[in-house]
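Some notes on the structure that comes next.
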Amino acid sequence: VVAALVMVVAAVWLLSDVTEQQTAASPAAALEDAPTLQELAEQAPTPAIQVAAPDFSVVTANGGAFTLSQHLADDGRPVILNLWASWCGPCREEMPAFDAFAAENPEVAVVGVAVQDDVVSAERFAEEIGVSYIVGFDEKDEVNDAYRPLGLPATFFIASDGTIAKRHFGLVTEESLAADVAELFG
């Protein structure tokens, strides 16, 4: 009985030593195998690529309105929908890139919509940044609820047929916008 008890204690000790060694090695291995933010974002519950983009209507900074379905029916240009907020540092950083891209690429409609934000702060932010593309405000969280961004900024490339051609989560540049538009919309 004592011999059996000694064997059980030895087995438990050996197993705990192996487990500790695996645990010590696993954080580095786990980091190497961890998915990137973009890979995680692609698994997010946002609308999928090649499905119809959720329709939305927002009040714009100039006092008008922008409705996605109306734009696609009347204008027909593809849309780059950028979701942003006044409290978002990367959003502030990328807005000049969107502005420059919009000015140089009139064949694509650039629409920025403030989400997860109060309208007063978003209006002040938009005025401060001073962009010339369409800026709207998601006053009732309808755009945020429909597009469910993983984080901000979030950009959706919507084809002229109304389907989502690409989703991008995180900062974009003027160069990356141009490359994506060339690849997606010819």
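Side chains included, hydrogens not; waters and symmetry mates left out as well; all remaining heavy atoms used.
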Which heavy atom of [X] sits nearest to which heavy atom of [Y], and what is that distance?
X: A48; Y: I164; result: O-CB, 3.8 Å
X: L68; Y: A53; result: CD2-CB, 4.0 Å
X: E94; Y: G170; result: OE1-O, 3.7 Å

Quick one: [atom1] on [X] to [atom2] on [Y], what's the gap to the nearest 0.5 Å?
X: D145; Y: D138; atom1: CG; atom2: CG; result: 7.5 Å
X: D161; Y: Q50; atom1: CG; atom2: CD; result: 8.0 Å
X: T173; Y: E93; atom1: OG1; atom2: CD; result: 10.5 Å
X: L171; Y: T155; atom1: CG; atom2: OG1; result: 9.0 Å
X: T163; Y: L72; atom1: OG1; atom2: CG; result: 9.5 Å
X: F185; Y: K166; atom1: CZ; atom2: NZ; result: 10.5 Å

For residues 101-122, the ring pair (Phe, Tyr, Trp, His ring centres under 6.0 Å) pairs (sequence neighbours left out) are none

Sequence neighbours left out, what pairs pass ring pair (Phe, Tyr, Trp, His ring centres under 6.0 Å) with at least one residue falling in residues 59-93? F56-F66, F66-H71, W84-F125

May I ask whether [X] and [Y] are part of the same hydrophobic cluster, defined by side-chain heavy atoms of I, L, V, M, F, W, Y residues being less than 4.5 angstrom apart, directly or through others?
X: V181; Y: F169; result: no
X: V113; Y: V172; result: no
X: V115; Y: I129; result: no
X: V135; Y: I80; result: yes
X: F98; Y: Y147; result: no

According to the side-chain hydrogen bond (donor to acceptor under 3.5 Å, both in side chains) rule, which pairs have a member within residues 109-127, sequence neighbours left out? S86-D117, Q116-N144, D118-S121

By ring-ring contact (aromatic ring centres under 6.0 Å, His included), F137 pairs with (sequence neighbours left out) none

Cut-off 3.5 Å, no hydrogens considered: what does the side-chain donor-acceptor table look like for residues 58-65, sequence neighbours left out?
| unit_1 | atom_1 | unit_2 | atom_2 | d |
| --- | --- | --- | --- | --- |
| T60 | OG1 | N62 | OD1 | 2.5 |
| T60 | OG1 | G64 | N | 3.1 |
| T60 | OG1 | G64 | O | 3.3 |
| N62 | OD1 | G64 | N | 3.0 |

What disulfide bond (SG atoms under 2.5 Å apart) pairs are there with at least one residue in residues 88-150, not counting sequence neighbours? C88-C91

Do D99 side-chain atoms and V131 backbone N/O form a donor-acceptor pair below 3.5 Å? no

Verify, without hydrogens or angle tests, whether R167 (side chain) and P47 (backbone) share a donor-acceptor contact under 3.5 angstrom. yes

If the test is side chain to side chain contact (heavy atoms under 4.5 Å, CB included), which one of I49, L177, V79, V108 qualifies with F157? L177

List the steps and the verdict of side chain to side chain contact (heavy atoms under 4.5 Å, CB included) for N82 and V110. CA-CA 8 Å; N82 178 247; V110 175; 5.8 Å; no

